[in-house]
Protein chains: 2
Amino acid sequence: MNQFVEFISQFISLSNEDTIALENVLSNKSYKAGDKIVQEGSICNSILFTVSGKSRSYFVNHEGQEFTWNFHFNDADSKFENYFLVDYYSFLRQTPSHLTIEALEDIEAITLSYTNIQKIVSKSINLEKVASIMSATAYENVHKRAFTLLTSNAKERYLQLLKDEPYLLNKFQHYLIASYLGVAPQSLSRLRKEISKP
Amino acid sequence: MNQFVEFISQFISLSNEDTIALENVLSNKSYKAGDKIVQEGSICNSILFTVSGKSRSYFVNHEGQEFTWNFHFNDADSKFENYFLVDYYSFLRQTPSHLTIEALEDIEAITLSYTNIQKIVSKSINLEKVASIMSATAYENVHKRAFTLLTSNAKERYLQLLKDEPYLLNKFQHYLIASYLGVAPQSLSRLRKEISKP
DNA sequence: TTCATTTCTTCACAAATGTGAATGAAAGTA
DNA sequence: TACTTTCATTCACATTTGTGAAGAAATGAA
């Protein structure tokens, strides 16, 4: 079964017709390591669901500095939000993306376009929930990110990462983790040293 | 006309039946200054639309420190997200709220409950868009907040506030603005001094 | 393997931000 | 009015975080 359909089925039970309707609008896409999957400034007109390969999304500030927004992969460690390659903000409003998504490895993905999602949503009340599931997932993710950034300092954010998603440290380079936490790589090193031997 | 219906009408055109259906599930509610409109830990089961009065939403971290999430009011300066009194995260999933919303003045509001929103959504395809409009609005707001917190320092955040929503400085006390920016009140004072006379 | 490249760590110092105390201004109350 | 309370500002100092340079460690290529 299609992995995307499988994902959706965790939340709602799809009829046979719904499943077929959904599968019909999905297609496969692959990227090479280094490819830009979503490009800042262009409109994000599809949602990609990661089947294999690692990627990361990031913002660039006015000084050209990169800030990792999230890591994306699909394995035993991954959470829902990690599957999706999309600037949800750009996708919802069909406005230029602020986010860039870059393939760190070769990527296999399943794609669902903006126009296709509209088509299936208008066909079935049940499928319409697909959109709201993804919307809620995206919202929860960004909400948690904003909360953490507002309420805790670098050390607390690193400790929280150690607690909630320690596997990231083995999967991604530390300078990427640092930009995910919003600190300089050297500061992350210092925190790691400090925390490992108190 | 009901201010909430008016708000929704900016985005979608409602039929007479839709308008009546919507108005039927809305009710008025008022709070006194100091009241907790949304209480951390309890499930947020309605969306409140501010008609008059100022309030603020905030998180409390593990040390008991308060961090202002947003300011809420309805006047010429206000933006969409400022109208709504809701922990959207809690509302969507019907889970305990992380946010507290506190009335800073007496509040008049229009309320739409979670169960009522389900009712009207299942009745009309058009009304169903109400939910997605609010969802998108909430998402954009939190997305911008997370982006700013991740990519800029205290000074840049204050300069952005001066540019985007300078009226907040006249409406709310500076120690609240400081906790909105994620800095100590003294640090905000220092920044203001530094920026006013370069 | 060896060499080149990238990443991680460490250090010293600079810059940014937090903290507690003190002061004065502003607002509210009797 | 005087008194109290709250808030904004200022200061000195502490702590956190950033920065550039250097070297160590890891990784990848030949």
Side-chain angles (χ1 to χ4, degrees), chain A residues 32-34 54 56 58-68 71 102-106 148-162 166-198, chain B residues 32-34 54 56 58-68 71 102-106 148-162 166-198:
Chain A
K32 289 280 163 201
K54 292 188 286 192
R56 69 153 185 146
Y58 62 92
F59 293 116
V60 181
N61 76 356
H62 50 92
E63 282 166 345
Q65 267 181 299
E66 292 178 4
F67 294 85
T68 296
F71 298 106
E102 172 189 52
L104 298 173
E105 300 174 347
D106 291 356
T148 301
L149 288 165
L150 180 63
T151 63
S152 49
N153 62 20
K155 187 176 180 177
E156 293 166 330
R157 296 201 296 276
Y158 176 64
L159 287 171
Q160 190 177 324
L161 182 135
L162 275 184
Y167 46 80
L168 289 181
L169 290 162
N170 305 321
K171 286 187 206 288
F172 297 93
Q173 290 149 339
H174 287 188
Y175 74 96
L176 294 180
I177 305 276
S179 88
Y180 176 63
L181 292 171
V183 298
Q186 298 97 318
S187 298
L188 177 57
S189 249
R190 175 165 40 202
L191 287 170
R192 286 168 55 75
K193 186 182 175 187
E194 187 189 334
I195 285 161
S196 68
K197 46 158 187 177
Chain B
K32 289 281 163 201
K54 293 188 286 191
R56 69 154 186 147
Y58 62 91
F59 293 118
V60 181
N61 77 356
H62 50 92
E63 282 167 344
Q65 268 182 298
E66 293 179 3
F67 294 85
T68 297
F71 298 106
E102 172 188 51
L104 299 173
E105 300 173 347
D106 290 357
T148 301
L149 288 164
L150 180 63
T151 64
S152 49
N153 61 21
K155 187 176 181 176
E156 293 166 329
R157 295 201 297 277
Y158 176 63
L159 287 170
Q160 190 178 324
L161 182 134
L162 275 185
Y167 45 81
L168 290 182
L169 290 162
N170 305 321
K171 285 187 207 288
F172 298 92
Q173 289 149 339
H174 287 189
Y175 76 96
L176 294 178
I177 304 277
S179 89
Y180 177 63
L181 292 170
V183 298
Q186 300 97 318
S187 298
L188 177 56
S189 250
R190 175 164 41 203
L191 288 170
R192 286 168 56 74
K193 187 182 175 187
E194 187 189 335
I195 285 160
S196 66
K197 43 158 187 177

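In what follows, chains are A, B, ... by sequence order, proteins preceding strands, each numbered from 1.
The CG-P distance, from B:Leu191 to D:dC11, rounds to 15 Å in whole Å. Rounded to an integer number of Å, the gap from B:Phe67 CZ to C:dT17 C1' is 13 Å. One atom, OH of B:Tyr175, and another, C1' of C:dA26, lie 14 Å apart when rounded to the nearest Å. Atom CG of B:Leu149 is separated from atom P of D:dT17 by 15 Å (rounded to the nearest Å). The CD-C1' distance, from B:Glu194 to D:dT10, rounds to 14 Å in whole Å. The distance from atom CG of B:Leu176 to atom P of D:dT6 is 14 Å, rounded to the nearest whole Å. The separation between A:Ile195 atom CD1 and D:dT16 atom C1' is 13 Å, rounded to whole Å. If you measure from atom CG of A:Asn153 to atom P of C:dA16, you get 18 Å, rounded to the nearest angstrom.
The salt bridge (Lys or Arg N to Asp or Glu O under 4.0 Å) analysis of residues 172-189 of chain A, with sequence neighbours excluded, yields no pairs. Among residues at least two apart or in separate chains, there is no salt bridge (Lys or Arg N to Asp or Glu O under 4.0 Å) pair with a member in residues 178-187 of chain B. The list of salt bridge (Lys or Arg N to Asp or Glu O under 4.0 Å) pairs with a residue in residues 178-190 of chain A, not counting sequence neighbours, is empty. Identified under the salt bridge (Lys or Arg N to Asp or Glu O under 4.0 Å) test for residues 166-182 of chain A, with sequence neighbours left out: A:Asp75-A:Lys171, A:Asp77-A:Lys171.
The CG atom of B:Leu191 sits 8.5 Å away from the CG atom of B:Leu181 when rounded to the nearest 0.5 Å.
In this view, B:Phe71 and B:Phe172, B:Tyr180 satisfy the ring pair (Phe, Tyr, Trp, His ring centres under 6.0 Å) rule, not counting sequence neighbours. Legend: residues meeting side chain to side chain contact (heavy atoms under 4.5 Å, CB included) with A:Leu159, ordered by chain and number and at least two apart, are A:Lys155, A:Leu162, A:Ile195. Shown here are the side chain to side chain contact (heavy atoms under 4.5 Å, CB included) partners of A:Thr151, two or more places apart in sequence or in another chain: A:Phe147, B:Phe59, B:Asn61, B:Phe67. Shown here are the side chain to side chain contact (heavy atoms under 4.5 Å, CB included) partners of A:Ala33, two or more places apart in sequence or in another chain: A:Asp106. Take A:Glu105 and apply the side chain to side chain contact (heavy atoms under 4.5 Å, CB included) test, not counting sequence neighbours, and it matches A:Lys54.
Helix-axis bend for the helix from C:dT1-D:dA30 to C:dA30-D:dT1: the local axis fitted to the five terminal pairs at one end deviates from that at the other end by 40°, rounded to 10°.
Shown here for B:Thr68 and B:Leu176, the closest heavy-atom pair between the two residues is OG1-O, 3.5 Å.
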Table of protein N/O atoms under 3.5 Å from nucleotides 9-15 of chain C N/O atoms:
from   : atom 1 : to       : atom 2 : distance (Å)
C:dT9  : OP1    : A:Arg192 : NE     : 3.4
C:dT9  : OP2    : A:Ser189 : OG     : 2.9
C:dT9  : O5'    : A:Ser189 : OG     : 3.1
C:dC11 : OP2    : A:Lys193 : NZ     : 2.9

Output a table of nitrogen or oxygen pairs between the protein and nucleotides 22-30 of chain D separated by less than 3.5 Å.
none

